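Encoded as structure tokens, the structure appears first; notes follow it.
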Amino acid sequence: MRRTKVKRRILCLTMLCLLAAAICGCQSQENTGNGGASAGENSAEAETGTETETGNEIRMLKADEETEKYVDYFPADGAYSLCEYNAPEEIRRMDIVRVTRKGDQILEKELVTGTDFAGKENMRSAVIAVWRTEGQTYNIRLTSADGKSVRTDSVEFPFTEGDTVSYPENNRHFDQKIVLWKQYPLFTAARSPENAPSDGSETEESEIYVVFQ
């Protein structure tokens with residue numbers, strides 16, 4: 001009789017142990033599953049963060065076989081510039097401006113062209129090409145990254161016959177994040193009148209820059 005009671009107690013204890021082990025195993029699997037989901041969420045967040053980091057840059061391009069499609073030709077004197085931008089969603093528009101300075105004095109300023117991204121979303125990523133054509137006429141061509149939109153404008157620089165013209169700092173290579181209202185120089189042409197003093201006091205610079213709003 002006593003042996004029967006002992007056997008029953010041992011059997012009950014064994015069943016309780018097996019039940020406890022089963023419960024612990026289920027909880028362990030649930031924790032592991034939750035951990036996997038959390039890792040997946042973190043990974044997705046990381047990818048989203050990476051996407052946010054990209055799509056906010058402006059950089060100068062090199063003149064080569066891949067970029068020659070953006071211009072009619074590359075002038076031999078280096079009077080050209082190529083720039084690629086990828087504007088983030090908070091940017092509403094892009095403007096290209098020409099300004100002429102003499103020292104710190106602004107002599108002339110004009111809006112050459114601009115793009116409202118609300119009406120032209122594919123222009124949010126594009127290439128800007130500037131190059132000299134005939135005389136002191138300069139083309140400005142805007143080509144969307146998908147190649148579906150191309151617009152060409154031209155601008156005259158205020159140079160006269162006999163001026164000495166140079167193109168300083170063009171095609172300088174930079175890669176920057178886009179900041180609201182910051183002026184990014186695309187192209188510069190400097191002129192010095194005939195018989196101008198060597199101190200540069202009579203030199204005028206005409207610059208084309210892009211600004212994002």
Side-chain angles (χ1 to χ4, degrees), residues 58-87 93-103 105-117 119-120 122-176 178 182-196 200 202-213:
I58 179 169
R59 64 190 184 99
M60 300 301 285
L61 300 177
K62 294 181 179 180
D64 54 28
E65 293 181 356
E66 292 184 5
T67 58
E68 66 181 357
K69 61 185 177 183
Y70 298 113
V71 300
D72 292 334
Y73 59 90
F74 292 115
D77 56 7
Y80 63 87
S81 182
L82 292 167
C83 174
E84 179 183 49
Y85 70 83
N86 192 357
R93 66 174 289 114
M94 175 275 297
D95 288 329
I96 297 176
V97 180
R98 180 186 67 84
V99 60
T100 300
R101 301 184 184 91
K102 187 175 182 179
Q105 180 185 6
I106 294 179
L107 303 177
E108 188 178 4
K109 186 176 181 180
E110 69 168 317
L111 173 65
V112 179
T113 187
T115 297
D116 190 334
F117 296 139
K120 213 60 169 164
N122 69 329
M123 281 297 201
R124 189 173 291 279
S125 297
V127 171
I128 305 170
V130 183
W131 72 100
R132 181 176 59 82
T133 56
E134 297 179 358
Q136 296 308 320
T137 301
Y138 297 80
N139 278 350
I140 302 173
R141 182 176 294 168
L142 191 62
T143 306
S144 61
D146 60 13
K148 294 181 179 180
S149 297
V150 179
R151 188 173 69 224
T152 302
D153 299 272
S154 63
V155 62
E156 292 279 345
F157 281 7
F159 302 153
T160 59
E161 187 176 353
D163 288 346
T164 300
V165 182
S166 60
Y167 302 95
E169 299 184 0
N170 287 337
N171 291 310
R172 55 197 177 286
H173 299 291
F174 65 80
D175 191 342
Q176 302 178 33
I178 292 174
K182 181 176 179 180
Q183 298 175 5
Y184 297 93
L186 302 178
F187 183 87
T188 303
R191 82 169 185 100
S192 298
E194 192 174 7
N195 301 319
E202 295 299 318
T203 299
E204 294 180 4
E205 282 195 354
S206 290
E207 180 184 82
I208 295 175
Y209 66 81
V210 59
V211 60
F212 297 89
Q213 304 176 29

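Remember, predicted model here, so these are calculated numbers, not experimental data.
- Distance CG/Leu82 to CD/Glu84: 10.0 Å, rounded to 0.5 Å.
- The local environment of CD in Glu134 is sparse, with at most 12 non-hydrogen atoms from other residues, nucleotides or ligands closer than 6.0 Å.
- The two residues Glu202 and Pro193 make their nearest non-hydrogen contact at O-CD, 3.4 Å.
- Atoms CZ and OG1, from Arg191 and Thr100 in turn, are 9.0 Å apart once rounded to the nearest 0.5 Å.
- Aromatic rings of Tyr85 and Phe212 (six-membered ring for Trp) have centroids within the 6.0 Å cut-off, being under it.
- Annotation for Asn122 and Ser149: closest pair ND2-OG, 2.9 Å, computed over non-hydrogen atoms.
- The salt bridge (Lys or Arg N to Asp or Glu O under 4.0 Å) test with Glu108 is passed by exactly one of Arg98, Lys102, Arg101: Arg98.
- Distance check, rounded to the nearest 0.5 Å: CD of Glu110 to OG of Ser206 gives 9.5 Å.
- Counting all heavy atoms, side chain and backbone alike, Pro168 lies closest to Thr188 at O-CB, 3.6 Å.
- Listed by chain and residue number, nothing satisfies the ring pair (Phe, Tyr, Trp, His ring centres under 6.0 Å) test with Tyr70 (two or more places apart in sequence, or in another chain).
- Among the candidates Val130, Val99, Ile128, the single residue satisfying the side chain to side chain contact (heavy atoms under 4.5 Å, CB included) test with Ile208 is Val130.
- Interatomic distance, CD1 of Ile140 versus OG of Ser154, reported as 8.0 Å (0.5 Å rounding).
- Of all non-hydrogen atoms in Asp146 and Lys148, the two that sit nearest each other are OD1-N, 2.9 Å.
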* What's the verdict on side chain to side chain contact (heavy atoms under 4.5 Å, CB included) for Trp131 and Phe74, showing C-alpha distance, side-chain angles and the deciding distance? -> CA-CA 7 Å; Trp131 72 100; Phe74 292 115; over 6 Å; no
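- Sorted by first and then second residue, the pairs that involve residues 62-74 and meet salt bridge (charged side-chain N to carboxylate O under 4.0 Å, His left out), not counting sequence neighbours, are Asp72-Arg141.
- A distance of 13.5 Å separates OG of Ser144 from CZ of Arg124, quoted to the nearest 0.5 Å.
- Ser81 places no side-chain N or O within donor-acceptor distance of the main-chain N or O of Phe187, the cut-off being under 3.5 Å.
- Between Thr152 and the options Thr113, Leu142, Asn139, Thr143, a side chain to side chain contact (heavy atoms under 4.5 Å, CB included) holds for only Asn139.
- Between Pro75 and Arg132 the shortest heavy-atom distance is CG-O, 3.7 Å.
- Atom OH of Tyr209 is separated from atom NZ of Lys109 by 3.5 Å, given to the nearest 0.5 angstrom.
- The main-chain N or O of Val165 is never found under 3.5 Å from a side-chain atom of Asp163 such that the two would form a donor-acceptor pair.
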* Chi angles and distances behind the side chain to side chain contact (heavy atoms under 4.5 Å, CB included) call for Gln105, Leu107 -> CA-CA 6 Å; Gln105 180 185 6; Leu107 303 177; 3.8 Å; yes
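- Phe117 meets the ring pair (Phe, Tyr, Trp, His ring centres under 6.0 Å) test with no other residue; sequence neighbours excluded.
- Nearest heavy atom pair, residue Asp95 against residue Thr115, reads OD1-N, 4.4 Å.
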